[in-house]
Amino acid sequence: MRRFTVYDSLSRSTREFAPIHPPRVGLYVCGLTPYAPAHVGHGRTFVFFDVVARALRRWGYRVFYVQNVTNLDDKLIARGGEEGIDPLALADRHFLGYLASMERLGVRSVNYYPFATDYVPEILEQVRVLLDRGFAYVAADGSVYYEVAKFAGYGRLSGQKVEALRAGARVEVDPRKRSPEDFVLWKAATPGEPSWESPWGPGRPGWHIEDTAMTVRLLGDRYDLHGAAVDLIFPHHEAEIAQAEAATGRAPLVNYWMHGGLLLFDREKMSKSLGNVISLDEAIDSFGPGPLRLFYLNAQYRGPLDFHPDRTLAEAREAYARLAVGIERIDDLLERDGPERPGAEPPEALARDAQELVERLDRTLTDDFNTREAIALLFGWTRRIAEHLSQLETYSGAGLEELAAPYRWAEEVLGLFARERGSRAGAWGSIVPVAIAARARARARGDYAEADRIRDELRRAGVELEDGAGDTRWKAVGGA
RNA sequence: GCCGAGGUGGCAGAAUGGUUAAUGCGACGGACUGCAGAUCCGUUUCCUGGGGGUUCGAUUCCCUCCCUCGGCUCCA
C-alpha cells in the first residue's frame with residue numbers, strides 16, 4: 001500500500017492517511033437528491049472522487065465506495081406534485097439519467113448506491129437510540145428533533161459556534177423546536193406524501209439521518225474517508241457527526257473529511273435561481289468525456305473552478321487534443337499491426353524515462369491528489385513523444401507499449417483516453433479507410449476536386465481527415 | 001457580522017525560503033501540405049493584490065489593509 005496525504009477539513013491540515021482496517025478503506029460520498037438532471041457542478045465532484053477511488057485501488061487499498069441516493073425529500077415531493085408524478089418514481093428517473101451520465105464520463109468506481117428509502121428500519125433504529133440517549137425529543141406533531149445543545153462537539157467541522165448560528169439564522173424559528181439550531185430526524189407525515197409507520201406516528205426520514213443510518217450499517221461506527229463538495233459542510237456534515245457520534249458513542253465518525261470546491265459559472269455559483277445551470281449531459285455532449293474530465297482535473301480540487309461559457313470549452317478541447325497526440329499515434333499503430341508488431345526498440349533513455357514518469361505520477365498524486373501537477377507532467381511526456389513522432393512507426397509493439405505507460409497510467413487513474421481508444425473500431429473503422437484510399441488515388445492523379453469532395457463528405461458525416469507526410473489520418477469528431 | 005478558500009503573465013492555472021516561476025490556451029514566426037486542417041519546432045525578456053515585518057534572500061513564513069468567491073439549515 002502506497003502512503004499518501006489528504007487534507008482533512010476537520011483538523012484543517014494535511015495528514016498522512018492511515019486506514020482503520022488495512023488494506024480496506026471505507027469511502028462514503030454524498031450523492032444526489034435526484035429531483036432534476038445532474039449539472040456540470042455535480043460532474044466535478046463525482047469525477048474527482050472517482051479518481052480518488054481509482055488511485056487508492058491502484059495503490060493496493062481495497063476500497064468500498066458507497067454513494068447514497070436521497071430519493072425522498074421536500075424538493076422531490078414538491079417537484080413530483082408539480083409534474084403529477086410519484087416522488088419516488090421521479091427520483092428513480094433522474095437517478096437513472098445520472099448513472100448514464102456517469103457511465104459516459106467513465107465513472108464506474110462506486111460499489112454501492114444505497115437509496116434512503118431502503119434504509120428506513122436503520123433510520124428508525126438510530127432515531128430511537130438518539131431518543132433513548134437523550135439527544136433527541138419528540139414534538140407535539142410526532143416529528144423527532146435532534147437537540148443540538150446536547151452534543152458538545154457541534155460546530156467543530158464548520159468552525160461555527162452555536163450562538164453565532166442562532167444569530168445568523170436565516171429561517172424563521174419553527175415553534176416545534178426547542179432551539180432554532182435543532183434539526184429534524186423524523187418528519188411527521190403530511191397527507192399525500194410517502195410515509196412509514198413509526199413509534200411516533202407515520203412519517204419520513206429527515207435529511208441528514210439517512211447518511212448516518214447507512215454508514216453505520218455499511219461502513220461501521222467509524223470509517224476512513226467522507227467526501228463531498230464544500231457546500232455540504234454545514235449543516236449536513238455537522239449533523240452527521242452529531243447523529244452518529246451521539247448514537248454510537250464512538251468517535252470520530254470519519255477519519256478524513258474531504259471537501260471539493262464548487263464549480264462556478266462565470267464566477268458565480270451555479271443555481272437554479274440564477275438560471276445559469278448547465279446540465280451534465282449538455283456538457284458531455286459539447287466537450288466530449290475526455291476534455292471534460294481534463295477540465296475538472298486540471299485544477300486543485302479544493303479550490304473553486306470557473307466554468308466560463310465559451311472559453312472553457314475551447315481550451316479544454318485544444319488542450320485535450322494536444323495531450324492525446326502521443327497516445328493516439330501509438331494506439332493507431334498498435335491497432336493496425338497488433339501488439340506483436342515487429343520493429344526496433346525505442347531509445348533506452350526514453351523507455352526508462354517512461355517508467356520513471358509513471359512512478360513520479362503516482363508520487364504526485366500522493367500529495368493530496370494533485371491531479372493538476374500530474375497533468376502538467378503528462379503534457380511534458382507528450383512533448384517528449386512528439387519529438388519522436390516520426391520514429392514511432394519504426395518501433396516494436398512492446399516498445400510502443402513501454403512509451404505508452406504514462407498514458408496508460410492516466411487512463412487507469414485519471415480516466416483519460418479510455419473512451420477514445422477503440423472508438424474507431426466501430427462502423428467507421430471499415431468505411432473510412434476505403435474512402436481514404438479512394439481519395440489518395442484521386443490526389444495521385446491530380447483530381448483535387450474529387451479529393452476535396454470526399455473530404456467534405458466525410459466531414460459532414462463527422463469524420464475529420466488530416467493529410468500528413470506520407471499518409472492520411474482521421475478521427476471522429478463530435479458525438480461518437 | 002462569523003467561518004472557510006483565494007488574489008500569480010493576454011487568459012486558465014501550478015509550484016518552491018534562493019540559478020531562466022510549471023503546464024495549457026491564445027498570439028507571433030518557421031516546417032509540413034495541391035490547398036486547408038491537424039501536427040511538429042521556435043518565440044512570447046518586463047507576471048506572484050497594497051503596506052509593514054522576519055531573513056543574507058520571500059511569491060513562499062508572520063502582521064495588517066483592500067478585493068473576490070463560497071458557507072451560515074435548498075445545495076455536489
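Everything numeric here is computed off the predicted structure, so don't read it as measured data. Chain A is the first sequence line, chain B the second, and so forth, proteins listed ahead of strands; every chain is numbered from 1.
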Atom-pair distance ([atom1] on [X]; [atom2] on [N]), nearest Å:
{"X": "H39(A)", "N": "C75(B)", "atom1": "NE2", "atom2": "C1'", "result": "8 Å"}
{"X": "L232(A)", "N": "G71(B)", "atom1": "CG", "atom2": "P", "result": "11 Å"}
{"X": "Y98(A)", "N": "A76(B)", "atom1": "OH", "atom2": "C1'", "result": "9 Å"}
{"X": "H237(A)", "N": "U73(B)", "atom1": "NE2", "atom2": "C1'", "result": "14 Å"}
{"X": "D231(A)", "N": "G70(B)", "atom1": "CG", "atom2": "C1'", "result": "9 Å"}
{"X": "E238(A)", "N": "G71(B)", "atom1": "CD", "atom2": "P", "result": "16 Å"}
{"X": "E181(A)", "N": "C2(B)", "atom1": "CD", "atom2": "C1'", "result": "15 Å"}
{"X": "H42(A)", "N": "C75(B)", "atom1": "NE2", "atom2": "C1'", "result": "7 Å"}

With a 4.0 Å cut-off, would you call [X] and [Y] a salt bridge?
{"X": "D73(A)", "Y": "R204(A)", "value": "no"}
{"X": "E393(A)", "Y": "R336(A)", "value": "yes"}
{"X": "R363(A)", "Y": "E359(A)", "value": "yes"}
{"X": "K150(A)", "Y": "D182(A)", "value": "no"}

What's the closest nucleotide to the side chain of [X] if the choices are [options]?
{"X": "A319(A)", "options": "G24(B), G71(B), C75(B)", "value": "G24(B)"}
{"X": "L264(A)", "options": "C69(B), C35(B), U73(B)", "value": "C69(B)"}
{"X": "E387(A)", "options": "C41(B), U39(B), A36(B)", "value": "C41(B)"}
{"X": "R439(A)", "options": "U39(B), G34(B), A76(B)", "value": "G34(B)"}
{"X": "F379(A)", "options": "A76(B), C69(B), G24(B)", "value": "G24(B)"}
{"X": "E318(A)", "options": "U73(B), G26(B), G34(B)", "value": "G26(B)"}

With rounding to the closest Å, how many angstrom separate the [atom1] atoms on [N] and [M]?
{"N": "G17(B)", "M": "U33(B)", "atom1": "P", "answer": "49 Å"}
{"N": "A12(B)", "M": "U55(B)", "atom1": "P", "answer": "37 Å"}
{"N": "U60(B)", "M": "U54(B)", "atom1": "C1'", "answer": "13 Å"}
{"N": "G51(B)", "M": "A58(B)", "atom1": "P", "answer": "14 Å"}
{"N": "G10(B)", "M": "G52(B)", "atom1": "P", "answer": "24 Å"}
{"N": "C56(B)", "M": "U45(B)", "atom1": "P", "answer": "33 Å"}
{"N": "C3(B)", "M": "U64(B)", "atom1": "P", "answer": "12 Å"}
{"N": "U68(B)", "M": "C63(B)", "atom1": "P", "answer": "22 Å"}

At under 4.0 Å between heavy atoms, what does [X] touch on the DNA or RNA strands: base, sugar-phosphate, or nothing?
{"X": "R383(A)", "result": "sugar-phosphate"}
{"X": "R12(A)", "result": "sugar-phosphate"}
{"X": "G31(A)", "result": "sugar-phosphate"}
{"X": "I233(A)", "result": "nothing"}

>> If stacking means aromatic ring centre less than 5.5 angstrom from the base's six-membered ring centre, planes under 30°, is Y448(A) stacked on G34(B)?
In response: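 Base of G34(B): stacked against Y448(A).
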>> For A229(A) and A314(A), find the nucleotide of RNA chain B closest to each by heavy atoms; which residue's nucleotide sits nearer the 5' end?
In response: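 It is A314(A), whose closest nucleotide lies nearer the 5' terminus.
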>> I want to confirm an ordering. Mapping F46(A) and I375(A) to their closest nucleotides on RNA chain B, which one lands closer to the 5' end?
In response: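 Counting from the 5' end, the first nearest nucleotide belongs to I375(A).
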> Looking at residues at least two apart in the chain, or sitting in another chain, which of them share a side-chain hydrogen bond (donor to acceptor under 3.5 Å, both in side chains) with D141(A)?
Replying inline: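 D141(A) satisfies side-chain hydrogen bond (donor to acceptor under 3.5 Å, both in side chains) with S143(A), R176(A) once adjacent residues are dropped.
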> For the ring pair F95(A) and F115(A), is the centre-to-centre distance below 6.0 Å?
Replying inline: yes
>> Side chains of R302(A) and D368(A), heavy atoms from C-beta outward: is any pair under 4.5 Å?
In response: yes
>> I want to check one thing: is the phosphate of C40(B), taken as OP1 and OP2, less than 4.0 Å away from some side-chain N or O of R322(A)?
In response: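 For R322(A), the contact criterion (side-chain N or O under 4.0 Å from OP1 or OP2 of C40(B)) is met.
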> Between C75(B) and W207(A), is there an OP1 or OP2 to side-chain N/O distance shorter than 4.0 Å?
Replying inline: yes
> Between F183(A) and Y154(A), how do the two ring planes meet: parallel, tilted or perpendicular, split at 30° and 60°?
Replying inline: parallel
> Between Y146(A) and F135(A), what is the ring plane arrangement, given parallel below 30°, perpendicular above 60°, and tilted in between?
Replying inline: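 Y146(A) vs F135(A) ring planes: parallel.
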> With no hydrogens and no angle check, is any side-chain donor or acceptor of T5(A) less than 3.5 Å from a backbone partner on E16(A)?
Replying inline: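 Flag not set: sc T5(A) to bb E16(A) has no pair under 3.5 Å.
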> Does R15(A) reach the main-chain N or O of N255(A) with its side chain, forming a donor-acceptor pair under 3.5 Å?
Replying inline: yes
> Can you give the dot-bracket line for RNA chain B, using ( ) for pairs inside the strand, [ ] for pairs that cross earlier ones, | for pairs with another strand and . for unpaired bases, where Watson-Crick and G-U count if both distances are under 3.5 Å?
Replying inline: (((((((..(((.....[....)))((((((.......))))))....(((((..]....))))))))))))....
> Has R443(A) got its NZ or CZ under 6.0 Å from the middle of the six-membered ring of Y448(A), at an angle within 45 degrees of the ring axis?
Replying inline: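 No.
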> Once each nucleotide of nucleotides 12-20 of chain B is scored for protein heavy atoms under 4.0 Å, what B/S/- sequence comes out, 5' to 3'?
Replying inline: BSSS-----
